[in-house]
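Note on naming: letters A, B, ... go to the chains in the order of the sequence lines (proteins, then strands), and numbering restarts at 1 for each one. Note that this is a predicted model, so its numbers are computed, not measured.
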Number of protein chains: 2
Amino acid sequence: MSNLKSHASDAPSSVRASSNKPSTQKRILDTAERLFAREGFEQTSLRQITQEADVNLASVNYHFGSKKALIQAVVARYMDVFMPALDEELRGLDDESALTTLQVFEAFKLPLFSLNGIHKRGTERFLRLLGFAYSETQGHLRRYTQSAFGNVLQHLLALLHRANPELSDEEMFWRLHFVLGATVFAQVSGQALIEIARAEFNHEVNIKTVIEHLIVFIAGGLERP
Amino acid sequence: MSNLKSHASDAPSSVRASSNKPSTQKRILDTAERLFAREGFEQTSLRQITQEADVNLASVNYHFGSKKALIQAVVARYMDVFMPALDEELRGLDDESALTTLQVFEAFKLPLFSLNGIHKRGTERFLRLLGFAYSETQGHLRRYTQSAFGNVLQHLLALLHRANPELSDEEMFWRLHFVLGATVFAQVSGQALIEIARAEFNHEVNIKTVIEHLIVFIAGGLERP
DNA sequence: GATTAAATTAAACGCATGTTTAAAATGTGT
DNA sequence: ACACATTTTAAACATGCGTTTAATTTAATC
């Protein structure tokens, strides 16, 4: 944590001077993201990351301090885009007169797809990172999310209660966690499932399709009387 | 795999002769089960198991051949009870005239609760083992389940299709995996969630309650038009 | 261009894992 | 009681991990 060298978070020069190669920091971040999203955090070693990024093993600890901090940096890059976008979408629902569960979940779509601005397959990567963050127990990530974006999550819960006033707090508690489970699982097993589906149904399947299916499903489960 | 000593699967003498202590094999199996269900497969080391079981480290490899084989033996002990029981329940639904999704999922309840015959908290343990088997990628376990009990799972799929004839194969495919996700997640995060719920709602929460909530949720998600 | 500061490098450290080995202990059949 | 097979044991093996160190190279500053 505090082991970080002072210059590590200095902002500007993200591109090396007289070279078209991205900086070491960015190379590490990009490669780590790709591998984390594919294999999970624990399954990905620093040696694997540094080798594929073509940087020295020790540079991860030099630039980020520790593997934990690297994980957090990778996730934060997406969170910092996603959460404000979601926040705005949720605010747009505050004035809705007859709010439905489906509306609330569909508010996730734009923020999710906007992540493709970060990377070509940003949506997919973010969801898989999230999935691993929860299925592996990366407590520090949960704490970071809760403390940095807790208010957004509170807002979400309030809207869901407004859309389902007949559900008790306890029922909402359980169903929300089931929603989370279905979502996380769909992403972690996502790539494998997409391939199976492709072979089985003889047409292209992409992340958008999966999300559409998922949203209908979780809305159905959550609204169940 | 084939490294197993020939006597390892010899059936009978599960209790040592002139001693009230269970056999080494059983001690390993019981302790491994307890730890696997609590921490997951990868998080539990053989040293932890053998230490708590009070047996020698090497005896796991002697009796089971490898850690993978031990994991499989632990899971199989439950599968061999659960799957036939589920099979029987599902057969009971074949003659149902107006089959509902809820009926299909409720057919899981008895087989699940029957696992408490194996261990006091057998239901909970089995579900958590299953959860870890899927969230960690224990491919060999998936293969074993598929090959040993594939017919039961096929039967389940057929019944769900009968209860929801309007759903396409593809929709059923996705929803079934979301169901699996919600279930697995609920169990892996289960203990933590149960404790939060207990504190939040000031009354006892047990595994049965969670399953009741879950079944309603997944039936709602799956039936969604 | 000399002097600092920052970044990179190769190597080692310390620890934990699953597995194997070979000797000792225990049990079994005659 | 002997001979043999089975089981248990302590120790080492081989591998992989995140991290640290100390020296070198590169960049920036005066």
Side-chain angles (χ1 to χ4, degrees), chain A residues 1-19 21-29 32 35-36 39-74 136 138 140, chain B residues 1-19 21-29 32 35-36 39-74 136 138 140:
Chain A
M1 286 296 200
S2 56
N3 208 5
L4 217 71
K5 298 301 188 284
S6 62
H7 49 267
S9 37
D10 286 357
S13 71
S14 62
V15 180
R16 263 207 173 136
S18 49
S19 169
K21 242 186 180 178
S23 72
T24 300
Q25 277 195 54
K26 183 159 166 43
R27 300 254 290 294
I28 293 173
L29 224 42
L35 295 177
F36 284 158
E39 319 265 3
F41 300 111
E42 292 179 352
Q43 288 296 318
T44 305
S45 72
L46 294 185
R47 282 173 173 81
Q48 199 183 344
I49 293 169
T50 52
Q51 198 171 319
E52 298 206 12
D54 197 31
V55 301
N56 189 273
L57 169 61
S59 59
V60 170
N61 288 282
Y62 177 76
H63 284 291
F64 296 93
S66 68
K67 186 181 179 180
K68 265 190 184 178
L70 173 61
I71 292 173
Q72 192 152 319
V74 166
E136 306 174 15
Q138 300 284 352
H140 62 110
Chain B
M1 282 298 198
S2 56
N3 208 3
L4 216 72
K5 299 300 188 287
S6 63
H7 50 267
S9 37
D10 287 357
S13 71
S14 62
V15 179
R16 271 254 194 68
S18 50
S19 169
K21 241 185 178 179
S23 72
T24 300
Q25 277 196 51
K26 183 160 166 43
R27 300 255 292 294
I28 293 173
L29 223 43
L35 294 176
F36 284 157
E39 319 265 4
F41 300 112
E42 292 179 352
Q43 288 298 316
T44 306
S45 71
L46 294 186
R47 282 173 173 81
Q48 199 183 344
I49 294 170
T50 51
Q51 199 171 318
E52 297 205 15
D54 197 31
V55 301
N56 188 273
L57 170 61
S59 58
V60 171
N61 289 283
Y62 177 77
H63 283 291
F64 295 92
S66 68
K67 186 181 179 181
K68 266 190 183 176
L70 173 62
I71 292 174
Q72 192 153 318
V74 167
E136 307 173 14
Q138 301 282 352
H140 61 110

[X] [atom1] to [N] [atom2], straight-line distance once rounded to whole Å:
{"X": "B:Tyr62", "N": "C:dG18", "atom1": "OH", "atom2": "C1'", "answer": "19 Å"}
{"X": "B:Asn56", "N": "C:dA25", "atom1": "CG", "atom2": "C1'", "answer": "12 Å"}
{"X": "B:Arg27", "N": "D:dT7", "atom1": "CZ", "atom2": "P", "answer": "15 Å"}
{"X": "A:His63", "N": "C:dA7", "atom1": "NE2", "atom2": "P", "answer": "6 Å"}
{"X": "B:Gln25", "N": "D:dT8", "atom1": "CD", "atom2": "P", "answer": "9 Å"}

Please state whether the phosphate of C:dT8, meaning OP1 or OP2, lies under 4.0 angstrom from any side-chain nitrogen or oxygen of A:Thr24.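 A:Thr24 to C:dT8 OP1/OP2: side-chain N or O found under 4.0 Å.
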Under 4.5 Å between any side-chain heavy atoms of [X] and [Y], yes or no?
{"X": "A:Leu46", "Y": "A:Asn61", "value": "yes"}
{"X": "B:Leu29", "Y": "B:Leu70", "value": "yes"}
{"X": "B:Gln43", "Y": "A:Glu42", "value": "yes"}

Can you confirm whether B:Gln51 is buried at CD, in the sense that more than 12 heavy atoms of other residues, nucleotides or ligands lie under 6.0 Å from that atom?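 Check fails, neighbour count at 12 or below.
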Five-pair end axes of the helix from C:dG1-D:dC30 to C:dT30-D:dA1, angle between them (10°):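 Taking the rotation axis at each end, their angle is 0°.
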Detail all sub-3.5 Å separations between protein N/O atoms and N/O atoms belonging to nucleotides 15-18 of chain D.
from, atom 1, to, atom 2, distance (Å)
D:dC17, OP1, A:Ser45, OG, 3.3
D:dG18, OP1, A:Lys67, NZ, 2.8
D:dG18, OP2, A:Leu46, N, 2.9
D:dG18, N7, A:Arg47, NH1, 2.7
D:dG18, O6, A:Arg47, NH2, 2.8

I'd like to check the salt bridge (charged side-chain N to carboxylate O under 4.0 Å, His left out) partners of A:Glu39; sequence neighbours left out, ordered by chain and number. none
